[in-house]
Amino acid sequence: MKWLPTAMLLVLAAPAVAQAPLAPRNNSPATSPVAPKPATAMATKSAKMSAAARTAVGAPGYRTFTMYNGMKVTLIHAGVDKKAVVDLELNTGQIDEPAFAPGLAALTAGLLLEGTIARTSAQILSEAASFGGAINTSVGPVSTSLSGEVGTEHIARFISLLSDVVRHPRLDTAGFERVRRNTQRALDSTLQNAGHRARQQWRAMVFPDHPFGRPYSYTATLAALQLGHARNDYDDNFGAARAHIYVSGVFDDNLIEHAVRDAFSDWKAGSAAAPRPTAAVARRQFMLVDSPGAAKSTIWLGLPVIDPSSSDFVKLEVANGLLSGAFGSSATMNFGDDQGLTGSTGSNIWMRKGASYWAGVAQVNGDSTGFALESMLNQIEHLRREVPADSEVERVKQDVIGRFNALRLSRQGIVSQLAYVDEFGLGEIWLAEYVKRVMAVSAEDIRQMAASQLDPERMTITVVGDRATVEPQVGRFRPQAP
């Protein structure tokens, strides 16, 4: 189960389409502080965690409040070691990239660590290290994160450092060029990865003309982007109204609240995130991406599904667990070593508000591509028609619960759970009742969920492989003209 994707946005070379970038604006990167409010009136709303929800996150409790500039703060008391995770989540990421600039969000996030008005990049690194930690940046589809773990005695100073990094970045040419070079190196390491190419093409077909359809960048795009584009991205999307800081660990509540207020209360609010509607495609589409001479084929198939805000989502999670195991066991039984199963066969749910999807993935020998696709689709149809064995359902439910509980064993895991709840507006009771809802899922629930959500006739299929080998095997999977 994925909770809140925080992996750094990767970039992948692909044939570039001629694009006309907008001219960068020359806005200053410096923030425009709002007038600070009296400390006694800073919190506009505050919520304490219920006893049931406290039990659900395995912590004595947490408290969330919102400052006048719109920034949210969640203080979580967890663990016994004198340490804490500080995680600043910003509601911006790939979703805010213009069509001409996939990868821009990662460039902007990378620039934050290249120096501030008061500190050089080396000073940021040295100061964080003196606290026993580091500042890590990551960019996801809808979020940008700056985080680190430090000793309790250093939390307040780390928060101050984090504030300087996110509020006063230097955003200069030298830093931009260094970040671009680093990004290019990351790109180079993915160039031969068929899994990335399959995902790129599949997402482009399911999310046409949308940032979610551009999960990776292009070599030519990186070369064309300018510092002004990153400054525009920062000015438009970074501000207190989009920020939520989580502190999870052992600390004095009043001391850390005071540190957060000192560091962030005069941060400009900026613009709140606007609605970002997504029109995902749910119909049979097929694309074969040629990889001349490739011995293996990579398969992606799937379609949009309900998101975690649906009360039925836990049923889909269990159905996914059943299918993921079925794909692997079926492939092992039917293909064997002689037909090249690589161990990457499985399925997953990508969770975004209003834009979630389910996908099955496999990598097999090229001459087994058609057989693998047929086997995967047959497994889906079987689950849609037949009620699975109770023993299998119970096994998968325990796996789902185990992953949920594993997150509660770490400070960062608790933050991830709460950020997940915040992203989908689930409410604190969701945590308290999650295990009970999973245990209530029946075998018939799984069949019905597969029947309603996983229709093979509405699935997009992408294959990356040697066209000469694969083409004769896949004609029957292409959509048929009416």
Side-chain angles (χ1 to χ4, degrees), residues 2-12 19 21-22 24-25 70-72 87-112 137-147 166 183 196 199-218 221-222 225 229-244 269-282 302 304-309 348-359 416 419-426:
K2 286 187 178 180
W3 296 95
L4 183 68
T6 54
M8 186 68 175
L9 183 66
L10 298 176
V11 286
L12 181 67
Q19 298 161 332
L22 298 176
R25 300 188 298 273
M71 182 171 172
K72 294 183 179 180
D87 189 343
L88 176 61
E89 296 284 338
L90 291 144
N91 187 1
T92 184
Q94 179 189 355
I95 187 71
D96 291 316
E97 292 175 340
F100 68 82
L104 176 60
L107 290 177
T108 305
L111 265 175
L112 299 179
T137 62
S138 61
V139 173
V142 297
S143 65
T144 296
S145 171
L146 295 90
S147 64
V166 75
T183 304
H196 289 315
R199 180 172 180 260
Q200 173 88 325
Q201 183 58 59
W202 189 91
R203 290 268 292 268
M205 297 165 71
V206 174
F207 299 109
D209 303 317
H210 191 275
F212 290 166
R214 302 183 289 271
Y216 307 110
S217 190
Y218 308 101
T221 298
L222 290 179
L225 289 175
H229 294 121
R231 286 181 171 176
N232 291 349
D233 183 36
Y234 178 85
D235 289 340
D236 290 345
N237 300 309
F238 282 65
R242 299 199 190 193
H244 192 152
S271 61
R276 299 115 150 183
T278 306
V281 173
V305 293
I306 57 176
D307 70 30
S309 64
N348 64 85
I349 306 173
W350 191 76
M351 293 171 282
R352 292 273 73 81
K353 192 169 185 178
S356 295
Y357 64 73
W358 175 91
S416 297
Y420 178 88
V421 167
D422 290 337
E423 178 180 349
F424 292 100
L426 301 176

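A donor-acceptor pair under 3.5 Å is absent between the side-chain atoms of Asp87 and the main chain of Ser147, judged by distance alone. Ser356 places a side-chain N or O within 3.5 Å of a backbone atom of Arg352 that can act as its donor or acceptor partner. A donor-acceptor pair under 3.5 Å links the side-chain atoms of Arg203 to the main chain of Phe212, judged by distance alone. At distances below 3.5 Å, at least one donor-acceptor pair connects side-chain atoms of Gln94 with backbone N or O atoms of Pro211. A donor-acceptor pair under 3.5 Å is formed between the side chain of Tyr234 and the backbone N or O of Val166.
Side-chain contact between Leu222 and Ser217 is present, with heavy atoms from C-beta onward closer than 4.5 Å. Counting heavy atoms from C-beta on, the side chains of Phe100 and Arg214 never come closer than 4.5 Å. For the pair Ser309/Lys353, no side-chain contact is recorded, criterion being any heavy-atom separation below 4.5 Å from C-beta on. Proximity of Asp236 to Thr92: side-chain heavy atoms (C-beta onward) are nowhere separated by under 4.5 Å.
In this structure Trp358 satisfies the ring pair (Phe, Tyr, Trp, His ring centres under 6.0 Å) test with no other residue, sequence neighbours excluded. Residues meeting the salt bridge (charged side-chain N to carboxylate O under 4.0 Å, His left out) test with Arg242, sequence neighbours left out: Asp96.
Scanning all heavy atoms of the two residues, the minimum distance from Arg276 to Ala274 falls at CD-O, 3.1 Å. Minimum heavy-atom separation, Gly93 to Val139: CA-CG1, 4.2 Å. Of all heavy-atom pairs between Gly354 and Asp307, the closest is N-OD2, 2.7 Å.
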Is there a side chain to side chain contact (heavy atoms under 4.5 Å, CB included) between His244 and Asp422 once you walk through the steps? CA-CA 10 Å; His244 192 152; Asp422 290 337; 3.2 Å; yes
Check against side chain to side chain contact (heavy atoms under 4.5 Å, CB included), Thr144 and Leu88: CA-CA 8 Å; Thr144 296; Leu88 176 61; over 6 Å; no
Evaluate side chain to side chain contact (heavy atoms under 4.5 Å, CB included) for Glu89 paired with Glu423, printing each intermediate quantity in order. CA-CA 11 Å; Glu89 296 284 338; Glu423 178 180 349; over 6 Å; no
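Classification of the Tyr357-Trp350 ring pair by plane angle, with boundaries at 30° and 60°, yields parallel.
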Name the atoms and distances for all side-chain donor-acceptor pairs under 3.5 Å in residues 101-112, with sequence neighbours left out.
unit_1	atom_1	unit_2	atom_2	d
Thr108	OG1	Leu104	O	3.1
Thr108	OG1	Asp233	OD2	2.8

